[in-house]
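As structure tokens, the structure follows; a few thoughts come after it.
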Amino acid sequence: MASKSKLSRIRNIGIIAHIDAGKTTVSERILFYTGVSYKMGEVHDGEAVMDWMPQEQERGITITSAVTTCTWQNHEIHIIDTPGHVDFTMEVERSLRVLDGAVVVFDAVAGVEPQSETVWHQADKYGVPKVAFINKMDRIGANFAVALQMMKERFNSLPLPIQIPYGEGESFRGVVDLIGMQLITWDEASKGLSYAYGDIPAEVLPQALEQRDQLIALLADTDDAIAEKYLDGSEVTAEELIAAIRKATISLSLVPVMCGSALRNKGVQPVLDAVVQYLPSPEESPAVTGINPVTRMEESRANSDREPLAALAFKIMQDEGRKLTYLRVYSGKLRAGDDLYNASRRKKEKISRLLKMHANKRERVEQASAGDIIAVMGLKEITTGDTICDEAHPIILEPIEFYEPVISLAIEAKTPADQEKLAGALNKLMEEDPTLKVKYDDETAQTVISGMGELHLEIITDRLLREFNARVNVGKPRVVHRETIQTRVESEGIFERELGDKKHYGHVKLILEPLPRGEGVVIVRQLKEGETLAEDLWAAMEEGIREALMSGVLAGYPVVDIRVAILGGVQKEGEVTPLGCKIAASTAFRDGCLKAGPVLLEPIVLVDVMTPSEFMGEVIGDINTRRGEIQDITPKGLVSEIRARVPLKAMFGYSTDLRSATQGRAVFSMKFFAYDKA
């Protein structure tokens, strides 16, 4: 039973939020209060423990998810502090994929911001239970009730306030705990290390009683035992409330909401209590499922040491030139020196060391077991999303889906010495960051890097110089287009040639049809009744088409939103070869595209602008000049939110233009929406 109790005392949580809501500050306070760090790092001084990359410290933002471990109330908590900037959404996505719970941080003044909506929906996608922390209650304009209201409107899970603030803005003094019905205040002198429970002041008591009644009423909807007591009018104890909230949080029906000010050192310890009380341990999380690569059947692994090993590589980092792989161990055990099997690549690997991470400091450990998040050295072939398992019981867990890059930049090395470093450096960065794509353009002799946004590529070029000492000249950012067709056509391709002493022949007929936007590529096999075709010829035809899809007929961009039906072709006994079929299919596809009205598609982004209402006219006018379509305008007190769809090409340099139009008071975020006609 010992292993079970150890597992029930582990929490794997992420801290997620919109940029600038205070995620990293919350993480720093957690490390300070749990005794991991002895001094508090501040983001604005560039000294945060979790933001250890130089690029993070200069910009005051988080770029990579840092992993750390701390203990609270005899529980071991693994924390991933994730980025909030939209260019690094992928970092959040891959972290949520391996977490059991999340703390979502909101800004009490801004409420639910666009990027916090994105991360919330990402957490929902992976079924991750959440607790919410409304931060910055000490700022002028902080409003707990408005933030709650926005959460109700924007999310499908119901917010459940388990605290209310005592004072707001400059008069914020502490929080009222609705479960134990006490006031919690923090001592300024000890940087919030010591805090006290006291009686609720008379002026907030009526509000606290009313809120507690609402809390019990909400819980009564999800819990029969509470409902009975509520209807009888009998007293509900704190223990009963905690048990009911835990059940409702893990089943994703409610999200406990707390408040405080991390920068003023108020409200962080109750968040740690909530992580322990309401978020699930690995053993309460559902078993992971995957496909057995041998039988192709679905299998599952319970979160237990006794099951065969299954772990997912969710992040790869370069550490002084060596490859460091972060694994989430779902089942079984790992030891330093073990031989492992990478089921995704069908390769054997060996672990040289296991490291427990504290941001960028580390301690060596001899073994890791189910529920752990661990860094491993010695794995050579591994990439993000691969499954590591026991070779006798192979399983491939659901991989991590990555977004396609939308913006590209041409770079060239300054000197031949830089050129040598550049290729190696880019390979290492691509291993680390699956959303970075690199292509060498023979015509211009330039290397083209593609990524998720301007900031993403700016940081990549910065890292090339700092970490790899590769100096590059950078071109103007360019948009990555796609191509498609507009009409249905039939097309055929014939290939007949002698290569060496063998005759190759292939004859392929295709039907190409346009699909609605965002439908991708569909290839189907369509033979007439009674006809047959060998599997190797089918496979060769499909391969020819897939290769031709990579570069379209207009400008060499990938072709999307197209349905290709393969109708077979004329068969010559003994002469038809896979190579002949492959080349004929490729020719038929390209000829068909030329006849089917090929068009260029450009990426359209969803832009979300929060601006003081007096600048609304300028902001809307500017979006119109960028060929944007306004989707909706929502007034929120002194500010307004404008949502629009704009071609990505027109968004270069937008942050500078927006600042000058609104005296630096508006903020915006954008995310990829779809490809559409240029």
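For reference, positions follow the sequence shown, starting with 1.
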Indicate yes or no for a side-chain donor-acceptor contact from [X] to the backbone of [Y] under 3.5 Å, with no hydrogens or angles considered.
X: Q163; Y: C259; answer: yes
X: S190; Y: S194; answer: yes
X: R301; Y: Y330; answer: no
X: T71; Y: N74; answer: no
X: R11; Y: H78; answer: no
X: E240; Y: T237; answer: yes
X: R29; Y: A262; answer: yes
X: N265; Y: W186; answer: no
X: S251; Y: K247; answer: yes
X: N303; Y: P282; answer: yes

Atom of [X], atom of [Y] and distance for their closest heavy-atom approach:
X: R246; Y: P280; result: NH2-CA, 4.0 Å
X: L148; Y: P159; result: CD2-CB, 3.9 Å
X: I134; Y: A147; result: CD1-CB, 3.7 Å
X: L397; Y: T289; result: CD2-O, 3.8 Å
X: S369; Y: D305; result: CB-OD1, 3.4 Å
X: N135; Y: S261; result: OD1-CA, 3.5 Å

Aromatic plane relationship, Y326 with F314 - under 30° parallel, 30 to 60° tilted, over 60° perpendicular: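 The arrangement is tilted - the two ring planes meet at 30° to 60°.
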
Are side-chain N/O atoms of [X] and [Y] paired as donor and acceptor at under 3.5 Å?
X: S613; Y: S640; value: yes
X: R173; Y: Y166; value: yes
X: Q269; Y: W72; value: no

V609 vs F615, side-chain contact (heavy atoms from CB on, under 4.5 Å): CA-CA, chis, key distance, verdict: CA-CA 11 Å; V609 186; F615 300 116; over 6 Å; no

If you measure from the Lys or Arg side-chain nitrogens to the Asp or Glu carboxylate oxygens, is any gap between [X] and [Y] under 4.0 Å?
X: R139; Y: E168; answer: no
X: K266; Y: E188; answer: yes
X: E210; Y: R212; answer: no

Would you check if [X] and [Y] make a side-chain contact, meaning some heavy-atom pair closer than 4.5 Å?
X: F144; Y: P161; result: yes
X: R9; Y: S281; result: no
X: Q277; Y: I245; result: no
X: I30; Y: I79; result: yes
X: L279; Y: T249; result: yes
X: V365; Y: D372; result: no
X: Y33; Y: L193; result: yes
X: V175; Y: Y195; result: no

Atom [atom1] in [X], atom [atom2] in [Y]: separation rounded to 0.5 Å?
X: E641; Y: I633; atom1: CD; atom2: CD1; result: 11.0 Å
X: L160; Y: L215; atom1: CG; atom2: CG; result: 4.5 Å
X: C70; Y: E76; atom1: SG; atom2: CD; result: 9.0 Å
X: I226; Y: L241; atom1: CD1; atom2: CG; result: 5.0 Å
X: D213; Y: L218; atom1: CG; atom2: CG; result: 10.5 Å
X: D223; Y: K229; atom1: CG; atom2: NZ; result: 11.0 Å

Are more than 12 heavy atoms from other residues, nucleotides or ligands located less than 6.0 Å from atom [atom1] of [X]?
X: E614; atom1: CD; answer: yes
X: I140; atom1: CD1; answer: no
X: D224; atom1: CG; answer: no
X: D199; atom1: CG; answer: no
X: E170; atom1: CD; answer: no

Qualifying residue for side chain to side chain contact (heavy atoms under 4.5 Å, CB included) with L254, from L219, I162, D221: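 Exactly one option meets the side chain to side chain contact (heavy atoms under 4.5 Å, CB included) with L254, and it is L219.
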
side-chain contact (heavy atoms from CB on, under 4.5 Å) evaluation trace for L99 with I13: CA-CA 6 Å; L99 292 169; I13 64 157; 5.5 Å; no

Intermediate values then yes/no, side-chain contact (heavy atoms from CB on, under 4.5 Å), D100 and R328: CA-CA 11 Å; D100 304 322; R328 162 70 202 263; 3.0 Å; yes

side-chain contact (heavy atoms from CB on, under 4.5 Å) between N143 and V109, intermediate numbers included: CA-CA 6 Å; N143 194 319; V109 182; over 6 Å; no

